[in-house]
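What you see below is based on every heavy atom in this structure, not just the backbone, and it leaves out hydrogens, waters and symmetry mates. Treat the numbers as computed from the prediction; the structure is a model and nothing was measured. A note on names: the letters A, B, ... follow the listed sequences, proteins ahead of strands, and every chain is numbered from 1.
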Amino acid sequence: MRLIISEKANAAKKIAQFLAEGKVKEGKHRAVPHHTFDWKGEETVSIGLKGHILNPEYPEEYSNWQKVEPSELIDAEILKPVSEKGVAAAIKSLAKKADSVIVATDYDREGELIGVEALSIVFEAKPELADSVKRSRFSALTKGEVTRAFDELVEVSHDLADAGEARQDIDLIWGATLTRWVSRATKRYGSAFLSVGRVQSPTLVLIAERELERRAFKPEPYWEIEATLKNGGDPFKVAHRHGRFKDEGEAQAALSNLKETARVVEVRQKAATRPAPAPFNTTSFLTAAASLGIGPSRAARIAEDLYTDGYISYPRTDNTVYPASLDLREVLTVLKGVEEVGETAGALLAKGELKPTRGKKETTDHPPIYPTGYVSKAALRDDQWKIYQLVVRRFLATLSEPSKSLRTTLNFDSGGEGLTTGGTVITEEGWLGVYPYSRRADEEIPNLGEGDVVNVVEKELLAKETQPPGRYGQGRLLNVMEDLGLGTKATRPNIIQNLYDRGYVHSDPIIPTEKGISVAQGLKEFAAEIASHEMTAKLERSMDDISEGKTDKRAVVDESRDLLREVYKHLDSAEEQFSDIVWRGIRSDETLGKCPESGHNLIVRRNRRSRKRFVGCEGYPDCTVTYPLPQKGSIIPTGTTCEECGSPEIKVLGGRRPWITCIDMDCPKKQEQMKAAEEARKAREGEEAAKDAGKANAENEAERPSEVSEVASDAAKSSNGNSGNGEEPREKLASSGTRAS
DNA sequence: GCAAGGTC
């Protein structure tokens with residue numbers, strides 16, 4: 001028997017279908033499916049893995065974070081225990097019956113490594129198979145390409161797999177060593193640990209530096225002139241053609257020059273064509289989902305579900321060009337029944353020739369993301385339907401005509417000053433008809449001709465300020481990461497999600513916490529290598545060298561170890577400084593404002609016995625002011641105070657959506673807010689989703705601490721000498737995320 | 001309780 005091992009269940013199934021001479025028999029071993037068929041006259045079994053089935057790990061004796069010196073991890077042995085027990089068992093049982101093995105995992109570096117991992121399991125079961133291994137390299141899961149690859153079997157590339165293993169080892173060595181060092185230096189153990197990694201840390205640095213840029217930004221004043229004109233019809237607004245005035249006097253002068261009428265001196269029209277968008281690859285798909293309010297991590301999860309259910313194609317691809325083998329008409333036929341867009345699919349089918357758009361990136365591993373099956377709205381959750389619709393509409397858009405618009409500009413003269421307005425109207429909607437996400441609202445402008453005179457009914461000088469650079473949205477960050485080579489299409493959503501889960505960032509657009517900023521700063525200052533995306537670029541070059549046989553895994557990993565030893569030495573010599581920087585950040589995150597009675601800082605504390613959190617005064621025991629806190633979700637200081645009662649406001653994350661509230665339960669505004677929330681809850685109860693909503697709300701109810709006298713000593717210790725640095729910049733932080741319910 | 005990379 002011949003055993004074919006591929007990377008995932010779906011690939012195993014397709015390979016069986018493509019190669020089978022006759023029927024395919026389905027079987028299962030411990031919930032792992034395999035497919036039995038005849039190929040070239042021999043019984044053949046095809047089985048799929050679940051990606052990596054081994055996960056590198058340090059031996060048991062290194063497991064105590066507090067007892068083991070982190071530097072010991074630099075040279076410690078790395079084990080590769082099985083992480084997918086069921087798959088390993090299935091492989092073993094089939095390997096015992098096999099006479100030869102064909103590795104058919106994805107045709108890339110990680111795929112080669114995954115194949116070699118599987119082989120290690122195969123040889124455990126039957127060592128003599130070592131002489132009977134071949135590799136099938138196909139670049140697309142199509143019948144033609146798969147049969148070709150199985151007719152031209154090659155050898156497994158151990159160099160390529162070694163390159164992947166070097167990446168694995170280096171990531172674990174650096175990640176574990178520095179994560180433990182940073183956690184120990186700051187005494188953050190258990191779930192409070194602070195993580196460090198080749199991809200996450202440079203990503204955090206990007207976010208933190210942008211925030212610091214915003215804080216350092218000095219807004220510059222400028223003035224704009226806005227006038228309202230009327231010609232019998234609706235009044236409309238125009239701007240001064242000069243745009244921004246840097247000098248107020250100049251702007252004032254221009255404003256006073258304006259007369260009571262304005263004359264049209266020019267009407268300009270310009271037609272524009274917007275080509276239809278390119279087919280979706282992972283990044284463009286996740287970016288589009290992010291603009292719909294579904295973050296990359298959730299969007300990737302939903303896409304995965306839709307893929308396993310057969311509604312969309314494989315969601316991890318770099319390709320933006322439909323392969324010739326993809327039958328576009330067949331896809332359209334399937335889509336004819338889809339709610340809201342079926343008609344568009346039908347209309348496209350009626351066209352003679354289909355000319356899909358093409359993106360810049362063309363790879364052959366997988367097709368771009370497109371719909372593969374019909375599903376009704378009722379069969380999906382709301383967010384799943386949104387994503388399915390997005391994929392369906394994008395597919396239809398790529399087959400649609402360009403959209404055409406007309407831009408009209410009206411220029412006026414009033415007292416020698418130039419005024420202008422303009423608007424764009426879509427003349428042929430083309431692809432925008434089926435893909436409305438990219439649509440901008442039409443801007444109607446009055447129908448005027450050259451020489452027409454209209455009244456100036458209002459004129460105004462607008463005082464404005466230049467704005468700091470914007471924060472990264474999740475979609476934008478995803479693209480920047482890709483440009484810098486950070487992470488892969490499959491991991492970037494997880495990396496971003498990790499930053500949230502570690503309490504390094506919150507909200508969207510992404511705001512770093514003070515802890516996140518201080519960890520980024522500490523790493524940048526004392527362990528610059530791990531804080532820069534250059535490390536990834538260098539690693540990529542080394543991996544190419546390994547796979548080309550120019551060097552070997554051992555040399556590359558050892559060189560990396562040497563570098564880490566240097567970095568570690570430097571970091572270790574600055575332990576106190578590093579810890580101070582990070583603790584300033586952590587304390588700042590926990591400092592919510594000033595105590596109304598003693599003027600000390602109000603900080604987040606935990607009751608020693610119940611572990612429940614509350615707000616306590618730093619002046620304790622002299623000052624015993626406390627406030628209750630919601631026990632669920634993250635508490636983010638806003639730096640603002642309640643306009644009603646003057647007590648500090650906080651942002652609470654983790655419920656349905658972030659909310660902002662003051663911490664005083666007796667505040668009338670707060671009472672009202674809670675009453676409104678209660679009513680909203682009752683209103684929701686009638687609906688389908690009422691159960692969940694009620695629970696989330698109840699969990700957000702604040703409680704008073706029961707034993708105020710038992711203020712936790714560790715919390716008190718941590719606040720020693722805390723002056724807090726959260727005052728000045730916070731104003732800006734607060735303004736962005738206000739979405740109080 | 002470490003990372004990043006696959007896939008579910």
Side-chain angles (χ1 to χ4, degrees), chain A residues 6-12 31-33 48-60 62-68 70 72-74 76 78-80 83-84 86-87 105-118 161 163-184 187-204 282 300-309 314-317 365-366 481 485-499 501-502 530 535-536 539-540 543 560 564:
Chain A
S6 53
E7 192 156 322
K8 43 191 168 278
N10 208 346
V32 182
L49 307 169
K50 290 179 179 173
H52 285 286
I53 57 170
L54 307 183
N55 191 37
E57 197 178 283
Y58 285 111
E60 178 69 35
Y62 295 92
S63 61
N64 191 316
W65 287 38
Q66 307 184 49
K67 288 188 182 141
V68 176
E72 284 182 39
L73 299 179
I74 300 175
I78 294 175
L79 310 173
K80 312 260 161 154
S83 53
E84 293 291 341
V87 174
T105 48
D106 289 1
Y107 183 10
D108 54 31
R109 194 167 53 218
E110 294 295 329
E112 206 74 10
L113 175 55
I114 289 166
V116 168
E117 288 170 10
E165 208 176 10
R167 195 271 314 146
Q168 261 191 347
D169 289 2
I170 287 170
D171 280 340
L172 179 63
I173 295 168
W174 281 73
T177 304
L178 295 179
T179 292
R180 287 201 198 177
W181 186 91
V182 167
S183 298
R184 189 187 66 171
K187 300 189 170 52
R188 304 294 279 182
Y189 293 118
S191 60
F193 78 94
L194 299 176
S195 62
V196 179
R198 173 179 57 85
V199 178
Q200 62 166 279
S201 296
T203 305
L204 178 60
T282 302
R301 161 59 51 193
I302 293 169
E304 183 70 38
D305 292 343
L306 293 174
Y307 159 68
T308 29
D309 288 343
Y314 189 66
R316 287 178 285 279
T317 173
D365 49 353
H366 298 280
M481 289 175 73
L486 291 172
T488 72
K489 55 190 180 291
T491 59
R492 282 188 282 264
N494 300 335
I495 301 277
I496 295 174
Q497 188 57 44
N498 253 340
L499 297 178
D501 294 345
R502 295 283 140 77
I530 198 71
M535 180 169 173
T536 293
L539 182 62
E540 286 290 342
M543 286 194 294
S560 183
L564 177 55

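The listed nucleotides are B/dG6, B/dC8, B/dA3; the one nearest the side chain of A/Thr308 is B/dC8. Across B/dG6, B/dA3, B/dG1, the shortest atom-to-atom separation from the side chain of A/Tyr189 is found for B/dG1. With distances taken from any side-chain atom of A/Trp65 to the nucleotides B/dG1, B/dT7, B/dC8, the minimum falls on B/dG1.
Taking atom NE2 of A/His366 as the reference point, atom P of B/dG6 lies 11 Å away to the nearest angstrom. Between the CD1 atom of A/Ile495 and the P atom of B/dC2 there is a distance of 14 Å, rounded to whole Å. Rounding to whole angstrom units, CD1 of residue A/Ile53 and P of B/dA4 are separated by 22 Å. In this entry the distance linking CD of A/Glu7 with C1' of B/dC8 reads 13 Å, nearest Å. Distance, A/Gln497 CD to B/dG5 P: 16 Å, rounded to whole Å. Look at CD1 on A/Ile74: it is 15 Å from C1' on B/dA3, rounded to the nearest Å. When rounded to the nearest whole Å, the span between OH of A/Tyr58 and P of B/dA4 equals 13 Å. Taking atom CG of residue A/Asn494 and atom P of nucleotide B/dC8, one finds them 14 Å apart after rounding to whole Å.
Without hydrogens or angle criteria, A/Tyr62 side chain to A/Val68 main chain gives no donor-acceptor distance under 3.5 Å.
Taking only side-chain nitrogens and oxygens, A/Thr488 never comes nearer than 4.0 Å to OP1 or OP2 of B/dA4. An OP1 or OP2 oxygen of B/dG1 is reached within less than 4.0 angstrom by no side-chain nitrogen or oxygen of A/Arg502. A close approach under 4.0 Å does occur between a side-chain nitrogen or oxygen of A/Arg198 and OP1 or OP2 of B/dG5. Listed pair A/Tyr307 / B/dT7 fails the phosphate criterion, with no side-chain N or O lying under 4.0 Å from OP1 or OP2. Side-chain N/O atoms of A/Arg167 include none lying less than 4.0 angstrom from OP1 or OP2 on B/dG5. Contact annotation: A/Ser63 side-chain N/O to B/dG1 OP1/OP2 distance is not under 4.0 Å. The side chain of A/Lys8 places an N or O atom within less than 4.0 Å of a non-bridging phosphate oxygen (OP1 or OP2) of B/dT7. Checking the phosphate oxygens (OP1, OP2) of B/dG5, a side-chain nitrogen or oxygen of A/Thr491 falls inside 4.0 Å.
Using a 3.5 Å distance cut-off with no hydrogens or angles, the side chains of A/Glu84 and A/His52 do not pair a donor with an acceptor. A/Ser560 and A/Trp174 are linked by a side-chain donor-acceptor pair at a separation below 3.5 angstrom, with hydrogens and angles left out of the test. There is a side-chain donor-acceptor pair under 3.5 Å between A/Asn10 and A/Tyr307.
At a threshold of 4.0 angstrom between heavy atoms, the contacts of A/Ala192 with the nucleic acid are absent. Backbone-only contact: A/Asp106 has heavy atoms under 4.0 Å from sugar-phosphate atoms and none from a base. Using a 4.0 Å heavy-atom distance criterion, A/Gly164 is classed as making no nucleic acid contact. Among the heavy atoms of the strands lying under 4.0 Å from A/Pro56 is at least one base atom, whether or not backbone atoms are also near. A/Tyr62 comes within 4.0 angstrom of nothing in the nucleic acid, heavy atoms only.
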(message) Set out, in order, the CA-CA distance, both residues' side-chain angles and the distance that settles side-chain hydrogen bond (donor to acceptor under 3.5 Å, both in side chains) for A/Ser195 and A/Gln200, then state yes or no.
(response) CA-CA 8 Å; A/Ser195 62; A/Gln200 62 166 279; 2.7 Å; yes
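Of the two residues near DNA chain B, A/Phe193 and A/Lys489, the one whose nearest nucleotide lies more 5' is A/Phe193. Both A/Arg301 and A/Arg188 sit near DNA chain B, but only A/Arg188 has its closest nucleotide nearer the 5' end.
Not a single donor-acceptor contact under 3.5 angstrom links the side-chain atoms of A/Gln200 to the base of B/dC2.
Between A/Lys50 and A/Glu7 there is no salt bridge, since none of the side-chain N atoms of the basic residue sits less than 4.0 Å from a carboxylate O of the acidic one.
Atom CZ of A/Phe193 is surrounded by more than 12 heavy atoms from other residues, nucleotides or ligands within 6.0 Å.
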